[in-house]
Amino acid sequence: MNRLKKFFFPALFLKKNPAVILFVCFVSSALFSVALPAAEPPPEYSVIAPLAAKTLLLAGCFAGDRMVVVGERGHILYSDDGGNTWTQAKVQTLATLTGVYFHDKKLGWAVGHDAVILRTTDGGKNWSLVYSAPEEERPLLDVWFQNPEKGFAIGAYGYFLTTKDGGLNWTDKMVSEDDWHLNQVRMSDNGKLYIAGEAGTIYRSDDLGQTWVSLPSPYGGSFFGTLPLDGDTVLIFGLQGHVYRSEDAGANWEQINIPVKVLFNGGTRLDDGRIVIGGMGGILLISEDGGKSFKIRQQSDRMSIVSILPVDNNTVLLVGDQGVKRFFLSETK
């Protein structure tokens with residue numbers, strides 16, 4: 001019976017054996033300190049902010065008919081009514097986001113500071129972090145995918161990451177031995193890819209990003225945007241109002257006379273063929289002749305423009321330092 005009491009009623013046994021109490025406490029403490037792993041910090045998510053659509057936004061694209069824009073503090077917003085109203089997405093980062101690309105209306109990726117890469121499979125409503133390398137101290141600036149599996153992201157100091165599994169794993173490669181910033185990538189309707197970069201850097205790929213050739217540059221300053229048109233016609237633009245046009249895929253360039261010396265970032269072409277390019281200080285360039293010449297429009301609020309999305313033949317969505325807003329090209333509307 002005494003043995004049973006010691007087994008089934010340990011409190012009675014320990015009460016008469018204080019030394020055993022100390023031993024048990026010591027062993028229990030050791031066991032728990034080894035057995036319980038350190039708790040991982042919870043993932044960081046961007047804060048849902050009522051005024052997110054009015055804060056700094058840096059890129060935008062279409063996911064089917066949906067518009068998606070990205071910017072500071074991990075903000076990603078989407079609109080299903082042409083930019084009239086916006087919904088903020090759930091995003092697993094607080095890093096500033098600088099580029100976004102959708103393969104179709106559901107599958108997309110976004111990139112930004114700390115080499116952050118995010119992925120969505122529901123049209124931009126929810127975003128999961130699939131890559132991050134803050135120790136590299138090189139932000140990613142743009143992203144492009146050939147298909148649901150193969151794609152690449154580009155960024156500062158020649159940063160060039162590739163993936164073959166939809167963005168779940170990434171490999172660090174290079175476009176060239178130069179380490180100039182790679183600012184933007186765009187694809188032409190005939191399958192050529194163009195990268196606009198720092199210090200007059202221009203690259204072209206004729207095999208969907210497998211290999212790249214350095215194009216002759218007409219300007220030693222940085223280019224921030226490129227806009228492929230029909231066939232081998234392409235525009236490239238950047239610092240100090242520099243805009244150039246090529247009809248032979250970048251082998252030769254013609255400078256377009258622009259009387260304002262501001263930085264130009266992003267552009268789009270409307271269904272009616274007009275071209276719109278946006279820059280600092282609220283400056284818009286509008287061309288009706290395929291980019292051979294431009295008229296200037298300046299907004300009264302001087303909103304600096306980073307990206308432009310077409311809504312219809314008279315309306316574009318401007319993305320920039322004051323968020324997003326609709327802009328009517330016709331001055332009478």
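Just so it is clear, the model here is predicted, and its values are computed rather than measured.
Each side chain to side chain donor-acceptor pair (under 3.5 Å) pair with one or both residues in residues 224-236, not counting sequence neighbours, appears once here: N190-D232, K192-D232, D230-R269. Applying the side chain to side chain donor-acceptor pair (under 3.5 Å) test to pairs two or more places apart or on separate chains, those with a residue in residues 166-176 are R138-D172, D165-N169, S176-Y203. Sorted by first and then second residue, the pairs that involve residues 279-293 and meet side chain to side chain donor-acceptor pair (under 3.5 Å), not counting sequence neighbours, are S287-D289, D289-S293.
Note that the CD atom of Q184 and the OG1 atom of T98 stand 11.0 Å from one another [nearest 0.5 Å]. Note that CG of L141 is 8.0 Å distant from NE2 of H181, once rounded to the nearest 0.5 Å. Rounding to the nearest 0.5 angstrom, the gap separating the CD1 atom in I236 from the CZ atom in R186 is 11.5 Å.
Scored by the side-chain contact (heavy atoms from CB on, under 4.5 Å) test, I48 finds Q88 as partners (sequence neighbours excluded). D301 pairs by the side-chain contact (heavy atoms from CB on, under 4.5 Å) definition with Q299, M303, Q322, K325, not counting sequence neighbours. Under the side-chain contact (heavy atoms from CB on, under 4.5 Å) criterion, Q240 pairs with Y219, H242, K261, not counting sequence neighbours.
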For residues 89-97, which side-chain N or O atoms pair as donor and acceptor with protein atoms under 3.5 Å away, sequence neighbours left out?
from, atom 1, to, atom 2, distance (Å)
Q92, OE1, L129, N, 3.2
T93, OG1, A95, N, 3.1

Using atom types as modelled, flag every donor-acceptor pair under 3.5 Å from a side chain in residues 252-259 to any protein atom, sequence neighbours excluded.
from, atom 1, to, atom 2, distance (Å)
N252, ND2, D248, OD2, 2.7
W253, NE1, P216, O, 3.1
W253, NE1, G250, O, 3.1

Identify all side-chain donor-acceptor contacts of residues 109-123 below 3.5 Å with residues at least two apart in sequence or on another chain.
from, atom 1, to, atom 2, distance (Å)
W109, NE1, G166, O, 2.9
R119, NE, G166, O, 3.0
T120, OG1, D122, N, 3.4
T120, OG1, D122, OD1, 2.8
T120, OG1, G124, N, 3.1
T120, OG1, N126, O, 2.8
D122, OD1, K125, N, 3.1
D122, OD1, N126, N, 3.1
D122, OD2, N126, N, 3.4
D122, OD2, N126, ND2, 2.7

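Other residues sharing a hydrophobic cluster with W180 under the 4.5 Å side-chain heavy-atom criterion for ILVMFWY residues do not exist; the residue is a singleton. In the hydrophobic clustering, where aliphatic and aromatic side chains (Ile, Leu, Val, Met, Phe, Trp, Tyr) are joined below 4.5 Å either directly or transitively, L317 groups with L57, F62, M67, V69, L77, W86, L309, V311, V319, V324. Grouping Ile, Leu, Val, Met, Phe, Trp and Tyr by side-chain contacts under 4.5 Å, direct or through others, puts V306 with L56, L58.
Across all non-hydrogen atoms, the minimal contact from G290 to L229 is O-CD1, 3.5 Å. Shortest non-hydrogen contact noted between A63 and V68 is CB-CG2, 4.2 Å. In plain terms, the two heavy atoms of G281 and S304 that are nearest each other are N-OG, 3.2 Å. When all heavy atoms of Y194 and S188 are compared, the closest pair comes out as CE1-CB, 4.2 Å. Taking each heavy atom of G291 and I275 in turn, the nearest pair found is N-CD1, 3.5 Å.
Judged by distance alone, with hydrogens and angles left aside, the side-chain atoms of S307 form no donor-acceptor pair with the main-chain N or O of A59 at under 3.5 Å. Under a 3.5 Å cut-off, the side chain of D142 and the backbone N or O of V185 do form a donor-acceptor pair. For the pair R326 (side chain) and T315 (backbone), a donor-acceptor distance under 3.5 Å is absent. The backbone N or O of E198 lies less than 3.5 Å from a partner atom in the side chain of T201, making a donor-acceptor pair. Remark: the backbone N or O of A199 is paired with a side-chain donor or acceptor of S222 at under 3.5 angstrom. Not a single donor-acceptor pair under 3.5 Å links the side chain of D104 to the backbone N or O of G64. The backbone N or O of F224 lies less than 3.5 Å from no partner atom in the side chain of N265, so there is not a single donor-acceptor pair.
Between F237 and Y244, the gap from one ring centroid to the other reaches at least 6.0 Å. Annotation: F160 is not in aromatic contact with W144 [ring centroid separation under 6.0 Å not met].
Hydrophobic clustering (side-chain heavy atoms under 4.5 Å, transitive across Ile, Leu, Val, Met, Phe, Trp, Tyr) keeps L215 apart from I154. Residues I308 and V260 do not share a hydrophobic cluster, clusters being chains of Ile/Leu/Val/Met/Phe/Trp/Tyr side chains in contact below 4.5 Å. Placement of F294 and L284 in two distinct hydrophobic clusters is found when ILVMFWY residues are connected by side-chain heavy-atom separations under 4.5 Å, directly or transitively. No chain of hydrophobic side-chain contacts below 4.5 Å, direct or via other Ile, Leu, Val, Met, Phe, Trp or Tyr residues, connects W212 to I202.
Heavy-atom contacts from other residues, nucleotides or ligands closer than 6.0 Å to CD of E137 number 12 or fewer. More than 12 non-hydrogen atoms from other residues, nucleotides or ligands lie less than 6.0 angstrom from CG of N84.
A salt bridge links R274 with D272: at least one charged nitrogen is closer than 4.0 Å to a carboxylate oxygen.
Contact of the L161 side chain with the F152 side chain is not registered, since no non-hydrogen atoms from C-beta on lie closer than 4.5 Å.
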